[in-house]
> 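Following this message is one structure expressed as structure tokens.
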Amino acid sequence: MKKDVKDYLPQHHLDNFYIDEMLELTEEEIKPILLDLITWLKDMSKPIANQLLPVLIKNPNALEDIIKEILDGEKTDTIWKYNIIAYVVKEFPLENKQNLKKTLERIVNKPYKYETIYETDIAAKAILNEIESK
């Protein structure tokens, strides 16, 4: 009997039991839990946050819409936005970075209040510079 993908979700910040299994899932199989997984990046000091990075980075196409929605949210936790850009988007293939260009440009050119305070705009600018140099 095949396991429900939701059973792979970490239950606490030390729960890395299913990391290897999640790495084996296709983008279609893991898509239903990607928002739950990326939510762990709100606090990079939690061990599970860093352990989930390879799982998230492996699924750039499935994550694009989720990331756009998070980054475009004016009320979204800005440290979470920074972590997503600095740890996940940074590792995406160039094509996926280009697909996020409009959102990154908004952060750089018209940042919300806390996006400058927490240097989210600087992280976005670094990705834009990389896109433009290729």
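For the single chain, residues carry numbers from 1 onward in sequence order.
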> Is any side-chain heavy atom of Asn16 closer than 4.5 Å to a side-chain heavy atom of Pro47?
no
> Restricting to side-chain contact (heavy atoms from CB on, under 4.5 Å), what partner residues turn up for Lys90, sequence neighbours left out?
Ile127
> If you measure from CD1 on Ile107 to CG on Leu71, what distance do you get to the nearest 0.5 Å?
4.5 Å
> Tell me the salt bridge (Lys or Arg N to Asp or Glu O under 4.0 Å) pairs involving residues 52-66, sequence neighbours left out?
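Residue pairs with at least one partner in residues 52-66: there are none.
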> Would the distance check show the side chain of Arg106 and the main-chain N or O of Lys101 forming a donor-acceptor pair, the cut-off being under 3.5 Å?
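No; zero donor-acceptor contacts below 3.5 Å.
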> Given Met22 and Ile33, is the side chain to side chain contact (heavy atoms under 4.5 Å, CB included) satisfied, shown in steps?
CA-CA 10 Å; Met22 285 189 281; Ile33 63 170; 4.1 Å; yes
> For Leu100 and Phe92: C-alpha separation, side-chain torsions, deciding distance, then whether side chain to side chain contact (heavy atoms under 4.5 Å, CB included) applies.
CA-CA 10 Å; Leu100 295 168; Phe92 276 179; 4.3 Å; yes
> Could you check Thr103 against Ile67 for side chain to side chain contact (heavy atoms under 4.5 Å, CB included), going step by step and ending with a plain yes or no?
CA-CA 9 Å; Thr103 296; Ile67 288 175; over 6 Å; no
> Report yes if some heavy atom in the side chain of Pro60 is under 4.5 Å from a heavy atom in the side chain of Asn99; otherwise report no.
no
> Partners of Ala49 by side-chain contact (heavy atoms from CB on, under 4.5 Å), sequence neighbours excluded?
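Only Leu41, Met44 meet the side-chain contact (heavy atoms from CB on, under 4.5 Å) criterion with Ala49.
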> Mind checking what makes side-chain contact (heavy atoms from CB on, under 4.5 Å) contact with Ile117, not counting sequence neighbours?
Lys113, Tyr114
> Do other residues, nucleotides or ligands put more than 12 heavy atoms under 6.0 Å from the OH atom of Tyr118?
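No, not enclosed.
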> Atom CD in Glu27, atom CG in Asn61: separation rounded to 0.5 Å?
4.5 Å
> Please list all pairs meeting side-chain hydrogen bond (donor to acceptor under 3.5 Å, both in side chains) that have one or both residues in residues 72-81, counting only residues at least two apart or in different chains.
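For residues 72-81: Lys81-Glu115.
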> Keeping the roles fixed (side chain from Glu69, backbone from Ile66), state whether a donor-acceptor pair exists under 3.5 Å.
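Checking the backbone N and O of Ile66 against the side chain of Glu69, no donor-acceptor pair under 3.5 Å is found.
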> By the side-chain hydrogen bond (donor to acceptor under 3.5 Å, both in side chains) test, which pairs, at least two apart or in different chains, include something from residues 32-42?
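Sorted result for residues 32-42: empty, none.
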> Please answer: with hydrophobic residues joined when any side-chain heavy atoms are less than 4.5 Å apart, are Ile79 and Leu53 in the same cluster?
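In one cluster with Ile79: Leu53, no.
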> Going only through I, L, V, M, F, W and Y residues with side-chain contacts under 4.5 Å, is there a path from Leu63 to Ile48?
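Yes, one cluster joins them.
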> Just checking Tyr8: does its OH atom have more than 12 heavy atoms from other residues, nucleotides or ligands closer to it than 6.0 angstrom?
yes
